[in-house]
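First the structure, in the form of structure tokens, and then the observations on it.
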There are 2 protein chains.
Amino acid sequence: MPRRTKAEAEATREALLDAAEDVFLEKGVSRTSLEHIARHAGMTRGAVYWHFKNKADLFHAMLDRVKMPLQQIIDDITAERQATGPLDTLRLATLHAFEMLERPRSCRVHTILMHRCEFISDINPVELQNRLASDCREVVRRCFQQAHDEGLLIDEIAPDVATLMLHSMIGGLVHDWLRAPDSFSLRESGGEAIDRLFHLITRRA
Amino acid sequence: MPRRTKAEAEATREALLDAAEDVFLEKGVSRTSLEHIARHAGMTRGAVYWHFKNKADLFHAMLDRVKMPLQQIIDDITAERQATGPLDTLRLATLHAFEMLERPRSCRVHTILMHRCEFISDINPVELQNRLASDCREVVRRCFQQAHDEGLLIDEIAPDVATLMLHSMIGGLVHDWLRAPDSFSLRESGGEAIDRLFHLITRRA
DNA sequence: TGGCATTTACATTCATGTATGTATGCGTGT
DNA sequence: ACACGCATACATACATGAATGTAAATGCCA
């Protein structure tokens, strides 16, 4: 029964993307066919090929519905929301990214990106993450540099080292949590670890 | 020209595994066929099917040639090599794991495991890493608990939090480094970050 | 009625597994 | 020592299934 209204067509597009999230998450990207996705959404492959050029196109459309955590951090830092200083800016941006990640769709999509896919056509998530990571590291580094210049950092920690410590802790927490989201709360346990790190490297008054 | 000596047969087996590392690393696991691997080793699929049951079997044989970093850490900690205390045991075990990871084969295989594969038949690397991670976390936690009991940890840091901090930093460093091994030295930069973390949480005399 | 959304049908490609072919090393008997 | 026979270490050929992309058919809203 083809040809619904324009709004219904848009709804099936979203349903297809929802189905893609489900099946990708369960079976991995390369092992799921477009047939699987279509059937899971109650459609046939024809619907998929009408809305998307191919599997890679669908995959990227799925990615476009969420924001990368590192991109979120970059944006938050450059926006400097409610900053009481560069260290607090970094800390709040990190916690904000954790909150965003715990939203169901974000969690699903990023789990797929991290643990359920290797390559998709000629564009690979590793390169994408690589650029994001180095961009983010640079923004964080500038922030720590500013904190250092303002005398907010303890002497033992150089801005570069602080950057690596924070960045790796964020990456490790996200990576571990996405592998088993039920094993701990990213916002609570992860947030506490981040808080402790900032507590340790902040110069005490 | 079939039937080489037993030693030569073993050599082709190793050559096939070497080829698998190369091609998996370049194209990802799911996108490489056994034909690709065989051709890259100068053989045909017949050789592959002689030495291995199928792709999954070959993949696991490839994994068996290296040791998991987290397993290395677990072994080092339980062996307590040259320990001057629980904190130093943890620190040295971590640095040792970093050293092991920088060996070419280890680097290649773990890059494949982290960034070039999603599922292989019915056994998936995520589950494998998951069990290793929780085992390792438990061993590390006991070590930090002992350090706490001996008064080696500063008061602000509970053993559980220290465990999460160390574990996530290790995971993040390894993850980031494997994504771009040339961008920094795991042993040097990563080691410095780890050293700094232990410096920060150790009670000063 | 015409163009939009979707299904159905079809051709092609590709990886896999298996079956078969084949030449060689190696043990065995004498 | 030497020929014989077999198991070994591969290569080749083939059958199968699965996924992809596309073209034609179909129904429905406007």
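Labels below follow one simple rule: chain letters A, B, ... track the order of the sequence lines, proteins then strands, and each chain is numbered from 1.
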Quickly work out the [X] [atom1] to [N] [atom2] distance and round it to whole Å.
{"X": "B/Glu35", "N": "C/dG17", "atom1": "CD", "atom2": "P", "value": "14 Å"}
{"X": "A/Met43", "N": "C/dT8", "atom1": "CE", "atom2": "P", "value": "12 Å"}
{"X": "A/His36", "N": "D/dA18", "atom1": "NE2", "atom2": "C1'", "value": "9 Å"}
{"X": "A/Arg13", "N": "C/dC4", "atom1": "CZ", "atom2": "P", "value": "17 Å"}
{"X": "A/Arg31", "N": "C/dA15", "atom1": "CZ", "atom2": "P", "value": "16 Å"}
{"X": "A/Leu34", "N": "D/dG21", "atom1": "CG", "atom2": "P", "value": "7 Å"}
{"X": "B/Glu10", "N": "C/dG25", "atom1": "CD", "atom2": "C1'", "value": "17 Å"}

* Set of residues satisfying salt bridge (Lys or Arg N to Asp or Glu O under 4.0 Å) with respect to B/Asp160, sequence neighbours excluded ->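 Applying salt bridge (Lys or Arg N to Asp or Glu O under 4.0 Å) to B/Asp160 gives B/Arg141.
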* Asked: Which part of the nucleic acid, if any, lies within contact of A/Ser33, taking any heavy atom under 4.0 Å across all strands shown: a base, the sugar-phosphate backbone alone, or nothing?
  ->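 Result for A/Ser33 = sugar-phosphate.
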Okay, side chain of [X], backbone of [Y]: is any donor-acceptor separation there less than 3.5 Å?
{"X": "A/Arg105", "Y": "A/Asp18", "value": "no"}
{"X": "B/Thr78", "Y": "B/Asp75", "value": "yes"}
{"X": "B/His110", "Y": "B/Ser106", "value": "yes"}
{"X": "A/Glu192", "Y": "B/Val161", "value": "no"}

* Who pairs with A/His148 by side-chain hydrogen bond (donor to acceptor under 3.5 Å, both in side chains), at least two apart in sequence or on another chain? ->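 Testing A/His148 for side-chain hydrogen bond (donor to acceptor under 3.5 Å, both in side chains), a comparison that skips the adjacent residues, returns none.
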* To do: Return the residues of residues 45-60 of chain B meeting this criterion: a heavy atom under 4.0 Å from some atom of DNA chain C. Order them by number, or give none.
  =>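 Only B/Arg45, B/Tyr49, B/Asn54, B/Lys55 qualify.
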* Asked: Do the side-chain N or O atoms of B/Thr12 get closer than 4.0 angstrom to the phosphate oxygens (OP1, OP2) of D/dC10?
  ->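 The answer is yes; a side-chain N or O of B/Thr12 sits under 4.0 Å from OP1 or OP2.
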* **Any A/Thr44 side-chain nitrogen or oxygen under 4.0 Å from OP1 or OP2 of C/dT8** =>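 False: A/Thr44 side-chain N/O out of range (4.0 Å or more) of C/dT8 OP1/OP2.
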